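Data block below; observations after.
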Number of protein chains: 2
Amino acid sequence: MELDERKTKILQAIIKNYLETGEPVGSRTISKYTDLNLSSATIRNEMADLEELGFIIQPHTSAGRIPSDKGYRFYVDAMMLEHEKEVEQLKDVLLEKEEKLDHMLKQAAKLMAVNTNYATMVTAPRSSRNVLKFLQLSRMDASHILAVIVIEGNVIKNTVIDVAESLNDETMLKLNILLNTHLNGLSVEEINLGLITALKQQAGMYGPIIEEVIDAVAETIKEDEDLEIYTSGANNIFKYPELSDNQKASDLINAFEEKQLLTQLIDDTNTDGKNEIKVYIGEESPIQTMKDCSIVTANYEFGDGMRGMIGIIGPKRMDYDKVVGTIKTIKSQLDMMYKKDED
Amino acid sequence: MELDERKTKILQAIIKNYLETGEPVGSRTISKYTDLNLSSATIRNEMADLEELGFIIQPHTSAGRIPSDKGYRFYVDAMMLEHEKEVEQLKDVLLEKEEKLDHMLKQAAKLMAVNTNYATMVTAPRSSRNVLKFLQLSRMDASHILAVIVIEGNVIKNTVIDVAESLNDETMLKLNILLNTHLNGLSVEEINLGLITALKQQAGMYGPIIEEVIDAVAETIKEDEDLEIYTSGANNIFKYPELSDNQKASDLINAFEEKQLLTQLIDDTNTDGKNEIKVYIGEESPIQTMKDCSIVTANYEFGDGMRGMIGIIGPKRMDYDKVVGTIKTIKSQLDMMYKKDED
DNA sequence: TATTAGCACTCGACCTAATTGAGTGCTAAC
DNA sequence: GTTAGCACTCAATTAGGTCGAGTGCTAATA
């Protein structure tokens, strides 16, 4: 049996209706709503076929049909090809105000949540190459030195180092030159034990300070790895009864609070370099506790090999059209952000 | 009518039982559970009195009694006097590992959540005096200057400033000296427009840079104001049916995600300088959406006039004893943290 | 051959009434 | 002052009944 044009139309009608109502849809509804001019009986026959093909499911004997994961997948694939929809009202909202990066990302997450009524997430851009760009020690007061570390992509990190006795200007200058000449432009992998030992030797009695600085550098990189994730609209899940029973809601909220789980999504999105919009439907989700959800994600580019991820999480019957449009818009705004910075 | 000893015992028995079960408790239960050796009829008489006094409530005619807010209040006050309980297993968990402040606070929130099964929050310590401690400009690359700003309490902030043309070492030194001699040790309030104008004049053609630096200082202070809040265990609310109906759960989750609302709690806790443990029961809560909850908070001291807040939020029938113990323990650990840093 | 009308059937949703049982207040006896 | 006993209340549960949306199947129709 094949999926001919009429079956396709019926399938799409079923899904579209289900997306709106969240209720199983019956043959009579389709017969009346569509312009196919077919009786409910004919629709019933076709629906039986569609069920056999695995696109729709009957939750119980005397109920209408709801889309299966396979049905959603079909619908989404068709939509992605067809539409290049943009959500107009979001355009340039982000670009309008110049703000700090973290505020902006938080804002992006919120915008998406308000616009779609689903839960959203945005990760801070993360560099794939970890190259040390700038490093400086300053004397803060008699017993504290401030180390400022900048890595590629302008991730900045500060560490305060305790010292037993005050260092004079000349020593500070010497240490700064020593560190910068040897470390600048190196990636983390290149800063190995041999190099560290050599540096410590040259620093003489100030070896321990060098060690602390290097530790701080290492930690900067590490910190960059367990990255910041901004979420918004987690409470939107309560708008969808199919997600708001106690167990499911608890699991979802937990995922959003812990954020640890969400990183799986990032890895998954990242490995695929194609830089497109990805849609996970139900069982396709890489996150166990989201088997009842659909997830739409995309990467955004921040130049310098930096990239972050945005994502929307909602019920399987989400408004894919709108969600994909929203994601696209926000993605392009974030992409532009960097280019604007370049000027 | 007075609250004699027997009434007190009965009231406490009712509350204790209700805390465990979450169900209205009847006269027969009290008659059997306590060692008062009174019949259910007698208990009934006393319960009628207790209801008249406002300590307990009958949710409907033929049900047992549940504690009113006043009843909880009585119970909590009595407990606070009596007990100086410590939660042993938590001792020194935080102190054991030396970690970065934000990790540690996140950990503290998590510890409390796991230990109590309620939702918890921890705010980063915040300075009440905003004094500029250290300020330094460095040339990062040809077109970017890095400004490092440290305020009292070692809150550090970086800003990258774009410049049209590269500045030479001498100019950088001059700007640094200019800024430090005039601004160090000043509070934000003292950095007024007159001072800024004078500085800009002295900086000559580099006035715009001075302006950007001052802007960054202002923002550091501001950012310090919309402070970091770490939460954990928000999904614990699903363990308590009285909080997990859709509307309430949604509101609570929202409060925990937005965090904006939680700041009310901080202000309230802070104004009272007594630095004790505070318990808000039901209607006493400063947060509208938490009228069905109880909230226990405490401040912790981080020296230098820095203080943060920890809090636990749960149902009115929370295990106050345990919660207060947990809060006390975590508070003392955080208090110690700073003292340990001092060494 | 494809489509449609008709019909018997299924089954969750909803309504109602009856039953249950925990708990109460009151009264009279101890 | 305490207690036993009893009538009463009322939410929660159960059981039975109806309703209606939806189905599959069959026979008639275009």
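A note on names: the letters A, B, ... follow the listed sequences, proteins ahead of strands, and every chain is numbered from 1. Keep in mind it's a predicted model, so treat the numbers as computed, not measured. The figures that follow rest on heavy atoms only: side chains count, while hydrogens, waters and symmetry mates do not.
At least one cation-pi condition fails for A:Lys316 and A:Tyr72: the charged atom is not both under 6.0 angstrom from the six-membered ring centre and inside a 45 degree cone around its axis.
Donor-acceptor pairing under 3.5 Å is recorded for the side chains of A:Thr42 and A:Ser39. Between B:Glu257 and A:Ser232, the side chains place no donor N or O within less than 3.5 Å of an acceptor N or O (distance only, hydrogens not considered).
As judged by a 4.0 angstrom heavy-atom cut-off over every strand, B:Arg28 is placed among residues making no nucleic acid contact. At a threshold of 4.0 angstrom between heavy atoms, the contacts of A:Ala63 are confined to the sugar-phosphate backbone, with no base atom among them.
Residues B:Ser40 and B:Ser62 both approach DNA chain D. Their nearest nucleotides, taken by heavy-atom distance, put B:Ser40 toward the 5′ side. Across the interface with DNA chain D, nearest-nucleotide mapping of A:Glu51 and B:Thr42 shows B:Thr42 to be the residue nearer the 5′ end.
The distance between atom NE2 of B:His60 and atom C1' of C:dG21, rounded to the nearest whole Å, is 12 Å. Taking atom CD of A:Gln58 as the reference point, atom C1' of C:dC9 lies 13 Å away to the nearest angstrom. Rounded to whole Å, atom C1' of C:dT4 lies 15 Å from atom CG of A:Leu36. At whole-Å resolution of the value, CD1 in A:Ile43 and P in C:dT3 are 10 Å apart. Taking atom CG of A:Asn45 as the reference point, atom C1' of C:dT4 lies 10 Å away to the nearest angstrom. Residue B:Arg44 contributes atom CZ, which lies 14 Å from atom P of C:dT27 at whole-angstrom precision. A straight line from CZ of B:Arg65 to C1' of C:dG23 spans 9 Å, rounded to a whole angstrom. If you measure from atom NZ of A:Lys7 to atom P of C:dA2, you get 10 Å, rounded to the nearest angstrom.
Taking each heavy atom of B:Ala113 and B:Thr120 in turn, the nearest pair found is N-CG2, 3.5 Å.
When each of A:Ile295, A:Val279, A:Leu19, A:Val296 is checked for a side chain to side chain contact (heavy atoms under 4.5 Å, CB included) with A:Met318, only A:Val296 meets the rule.
Scanning DNA chain D 5' to 3' for nucleotides with an atom closer than 4.0 angstrom to a non-hydrogen atom of chain B gives a first and last hit of D:dT2 to D:dA11.
Of the candidates C:dT10, C:dG23, C:dT4, the closest approach to any side-chain atom of B:Thr29 belongs to C:dG23.
Applying the 6.0 Å contact sphere to NZ of B:Lys16 captures no more than 12 heavy atoms from other residues, nucleotides or ligands. Other residues, nucleotides and ligands contribute only 12 or fewer heavy atoms inside 6.0 Å of the CZ atom of B:Arg28.
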